[in-house]
Amino acid sequence: RVKHGGRGKACFFNAEMDEATRARRQIESELRHAITRNQIHVSYQPVLDAQSGEISGYEALMRWNRPGHGLSEPDIFIPIAEESGSIVQLGEWVLQQACKEAARWPLPLRIAVNVSPVQFMLPNLCERIEAILKETGLAPGRLEIEITEAALIRDRDRVMATLQRLRSLGVHIVMDDFGTGFSSLSNLRTFPFDKIKVDRSFTGMLDHDAAARSIVRAIIGLGHSLGMPVVTEGVETETQRQIVVEEGCAQVQGFLLGRPDVEPSTKLAARETLLSSIA
Ligand code: C2E
Ligand code: MG
Ligand code: MG
Ligand code: MG
């Protein structure tokens, strides 16, 4: 009897697993055609200068309009694309699209693009980025590549070579989601980053958690002493914004200041008109 119950449970578990695996396979196969079926686009979220409040750039965020499912969450489909390898094609498409779009903006703002650890390990990543910059005409100094600590754990010599090559092109490198990895401090010492982004989980705790504020203060202090400006992402309330500005954060990003948007250029054009009327 006990044995039978145990087996029944195992069967139930397997049936669930099969369902999850099927769903995953389905996403994998749909993702392979997502670009050619025009289901992928890029949304742009503003990054603001903390002092002046002016837009200093945008982060490109991948969006997948999955038929029958609406907009699919990157936190769900990107890990699947990383595992199946589709992220290489998808990531390159976003890079190309974002650079092309940014090259047309009426103001020479920065464009930040997320690069997956899988893409980061590709031997031809630097060549591809160089080619995209040439094709689109975007000045390399306007491009920021965002990587997380997961990109740093493999072959550290190769990671270093890639980072240095990108920097020698003039491209900026941002450490994204800082504070969630396991060896954050030594990574900052070892690798040449231009900027640090505090993970938004800390930002979310700022209004009611004194410890979160201490952590953010420590990260900003660390950034300053290493010559790396610090950005706070996920700013949702005025209190959070005030706290991070008081703590000396250089840039802010979050729903309070602007949501990801498919058409930032119209706002930029309006700002250019404003600027030229002042000048
Ligand atoms: P990330 O690079 O840390 O991007 C910031 C995420 O935080 C975005 O989620 C953005 O919409 C969200 N966000 C911004 N402000 C706020 C806020 O005030 N509150 C909250 N709750 N969220 C905020 P999104 O677009 O869903 O992307 C999630 C993650 O997926 C990204 O995190 C990044 O790791 C990955 N991702 C997105 N686009 C790409 C891409 O083109 N390539 C790669 N490799 N990864 C991407
Ligand atoms: Mg990012
Ligand atoms: Mg982040
Ligand atoms: Mg993230």
Side-chain angles (χ1 to χ4, degrees), residues 31 34-35 39-48 55 57-66 70-102 110-122 125 128-129 132 143-152 172-181 184 193-207 216 219 230-241 243-244 249 251-262 264:
L31 273 176
I35 293 175
Q39 295 164 3
I40 302 290
H41 69 266
V42 184
S43 211
Y44 299 87
Q45 186 180 31
V47 180
L48 278 68
I55 295 174
Y58 284 88
E59 177 173 8
L61 295 160
M62 192 183 333
R63 294 289 177 262
W64 179 26
N65 198 345
R66 188 181 175 207
L71 267 192
S72 185
E73 284 288 309
D75 283 330
I76 294 173
F77 75 80
I78 286 174
I80 297 177
E82 285 174 335
E83 215 167 287
S84 69
S86 300
I87 193 66
V88 172
Q89 188 200 9
L90 291 165
E92 180 157 334
W93 188 86
V94 169
L95 200 54
Q96 179 124 31
Q97 201 60 31
C99 290
K100 196 164 93 187
E101 173 80 27
R110 297 264 180 106
I111 176 72
V113 182
N114 295 283
V115 166
S116 148
V118 178
Q119 277 175 283
F120 198 74
M121 287 308 289
L122 294 175
L125 177 77
R128 287 307 307 144
I129 290 179
I132 288 171
L143 178 62
E144 293 180 334
I145 297 292
E146 295 195 1
I147 57 171
T148 60
E149 282 178 283
L152 308 174
H172 304 272
I173 319 278
V174 181
M175 164 94 289
D176 201 357
D177 300 346
F178 185 77
T180 54
S184 310
F193 295 106
D194 296 285
K195 196 154 99 180
I196 303 169
K197 258 194 195 185
V198 180
D199 190 73
R200 74 168 192 262
S201 58
F202 298 112
T203 318
M205 293 186 282
L206 280 176
D207 331 55
V216 170
I219 296 174
V230 174
V231 194
T232 312
E233 66 177 3
V235 176
E236 290 182 350
T237 69
E238 179 54 27
T239 310
Q240 291 165 1
R241 191 195 64 81
I243 292 173
V244 300
C249 163
Q251 293 173 333
V252 283
Q253 180 181 2
F255 292 168
L256 176 74
L257 309 151
R259 295 207 170 235
D261 181 354
V262 285

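Start at 1 and go down the list; that is how both ligands and their atoms are numbered.
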Would you mind reporting whether Q251 and K195 have side-chain heavy atoms less than 4.5 Å apart? yes
Can you find a heavy atom in the side chain of I145 that is under 4.5 Å from one in the side chain of L95?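 Counting from C-beta outward, I145 and L95 do come under 4.5 Å.
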Does [X] approach ligand 1 within less than 4.0 angstrom via side chain, backbone, both or neither, non-hydrogen atoms only?
X	result
V42	neither
R259	neither
L61	both

Nearest 0.5 Å, what's the [atom1]-[atom2] distance between [X] and [Y]?
X	Y	atom1	atom2	value
I78	L90	CD1	CG	8.0 Å
L152	M175	CG	CE	5.0 Å
Y44	L61	OH	CG	10.0 Å

Would you say the side-chain atoms of [X] pair up with the backbone N or O of [Y], donor to acceptor, closer than 3.5 Å?
X	Y	value
Q240	E236	yes
T232	V198	no
D194	V174	no
Q45	G258	yes

Element-labelled atoms of ligand 1 that are located less than 4.0 Å from some non-hydrogen atom of [X]:
X	answer
P260	11 (O)
V94	41 (O)
E236	17 (C), 18 (O), 19 (N), 20 (C), 21 (N)
S116	44 (N)
V235	18 (O)

Looking only at N, O or S atoms, find the one in D177 nearest to the Mg ion (ligand 3) and name it.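 Looking only at N, O and S atoms of D177, the one nearest the Mg ion (ligand 3) is named OD1.
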Of the N, O or S atoms in E233, the one nearest the Mg ion (ligand 3): OE2
Among N, O or S atoms, D176 approaches the Mg ion (ligand 2) most closely through OD2
If you look at E59, which of its N/O/S atoms is nearest to the Mg ion (ligand 2)? OE2
Quick one: does G91 get a heavy atom under 4.0 Å from ligand 1? no
Has E59 got any heavy atom lying under 4.0 angstrom from an atom of ligand 1?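 Yes.
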Given R63, E233, Q119, E146, which has its nearest heavy atom closest to atom 5 (C) of ligand 1? E233
Would you tell me which option among R200, Q45, E73 has the nearest heavy-atom contact to atom 9 (O) of ligand 1? R200
Pick one: which of D177, N114, I173 meets side chain to side chain contact (heavy atoms under 4.5 Å, CB included) with E146? N114
Metal proximity, D199 vs the Mg ion (ligand 3), N/O/S cut-off 2.8 Å: no
Does E146 bring an N, O or S atom to under 2.8 Å of the Mg ion (ligand 3)? no
Between E59 and K197, is there a side-chain N and carboxylate O pair less than 4.0 Å apart? yes
I need the minimum non-hydrogen distance between E82 and I87, along with the two atoms involved.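 Nearest pair, atom of E82 first, then I87: CA-CG2, 3.7 Å.
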Evaluate V115 for polar contact with ligand 1, using N/O atom pairs at a separation under 3.5 Å.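 N/O-N/O distance under 3.5 Å: no.
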